[in-house]
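In the text below, chain A, chain B and the rest are named by the order of the sequence lines, each starting its count at 1.
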Amino acid sequence: QEKHRILHKLLQNGNS
Amino acid sequence: ACPQALRVPSELLTQSVLLSHRATCHPRAEDLQGHRWATFSREEICAYQSQPTAEMWQRCARRVTEAIERVVEFAKRLRGFLELSQHDQIVLLKAGAMEVVLVRMCRAFDAATRTVLFEGKLAGPELFRSLGCPELVASIFDLAQGLSALRCSESELGLLSALLLVNAGRPWLQDRPRVARLQGHLDVAFRVLLRRTRREGLLARLPSPGRLRALCSQHLEQVQAFRRLHPGVVSAAFPPLYRELFA
């Protein structure tokens, strides 16, 4: 998760 | 929103995957039917070919990144995906997102002219000359052409994409059995669909997992080659998500 902060953030972001 | 007739679980899953696929694809399915996209003119092709390598790479990296973002959204809408651990969601997307982007490309491929939709118009492989990786571009066009010839439905492409992502064989998964369970549901749904539509012959004609993996490796190698020739450009000018996944 540290190495993939952007991906992590996109997955957390609740815009589905 | 599903009709009453669709009570069988795998049919429901197929419908759900299709909805997620349609909602996150570009171009949209409605725009594919009898499309009226123009082909790039000679002058426009020359303009792209005259771009400095670094600029063309940056441009293509942006387009790839936009496509990856749509695949992330597709994954999030896949039933069961967000119930996997954050770690495994990242592992699966890092390994599979580019494969889905490559497969999705066939939707916007025009077999008659051997061109693909790029920045609003149809482009042949020669348009990408300034990237300096002709073999990679040729391999991508070959893949798109082969997939296009299979004339996959949106349901087939949606399930294929889901199966590229939800792959229990990826290294570094923490909860492999859980991913395998989800993969199993998708696999059954895909086979039920193919049986129902008499498309079982499709399975033998799909590109092998090894071929997609090789294409993604080729892409990574070219990113590394580009970095050696143009140090600093990737860090300074490429989209952060692209760097995170490929550099």
Side-chain angles (χ1 to χ4, degrees), chain A, chain B residues 16-17 19-25 61-62 64-98 100-101 162 165-166 170-175 179 234-235 238-247:
Chain A
Q1 286 162 30
E2 271 179 35
K3 284 187 188 173
H4 302 93
R5 287 188 187 159
I6 293 157
L7 197 46
H8 178 74
K9 194 170 177 208
L10 283 174
L11 287 164
Q12 296 278 58
N13 182 7
N15 62 356
S16 292
Chain B
S16 153
V17 170
L19 284 171
S20 305
H21 171 76
R22 289 178 65 101
T24 59
C25 265
R62 287 195 179 130
V64 166
T65 304
E66 286 157 7
I68 298 263
E69 284 165 349
R70 291 190 286 269
V71 174
V72 173
E73 188 55 29
F74 170 68
K76 288 171 74 175
R77 292 172 190 231
L78 274 182
R79 204 186 296 175
F81 188 84
L82 290 179
E83 278 81 64
L84 301 172
S85 69
Q86 272 273 308
H87 175 274
D88 286 357
Q89 290 174 30
I90 289 171
V91 164
L92 292 178
L93 275 165
K94 182 150 188 184
M98 189 61 175
V100 176
V101 168
L165 284 175
V166 183
R170 301 293 191 194
W172 307 110
L173 287 170
Q174 278 174 344
D175 191 346
V179 177
V234 172
S235 317
F238 276 35
L241 180 59
Y242 187 95
R243 292 203 316 261
E244 197 169 270
L245 293 174
F246 309 121

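- Here CD of A/Glu2 is found 11.0 Å from CD1 of B/Ile90. Values are rounded to the nearest 0.5 Å.
- Shown here for A/Leu10 and B/Glu69, the closest heavy-atom pair between the two residues is CD1-CG, 4.4 Å.
- Interface remark: A/Lys3 contributes backbone atoms only to the contact with chain B (heavy atom separation under 4.5 Å).
- Distance NZ/B/Lys76 to CD/A/Gln12: 8.5 Å, rounded to 0.5 Å.
- Proximity to chain A (any heavy atom under 4.5 Å) is restricted, for B/Leu245, to the side chain, taken from C-beta onward.
- In this structure a side-chain-to-backbone donor-acceptor pair under 3.5 Å is missing from B/Gln89 to A/Leu11.
- For the pair B/Glu244 and A/Arg5, the tightest heavy-atom approach, listed with the atom from each and the gap, is OE1-N, 3.1 Å.
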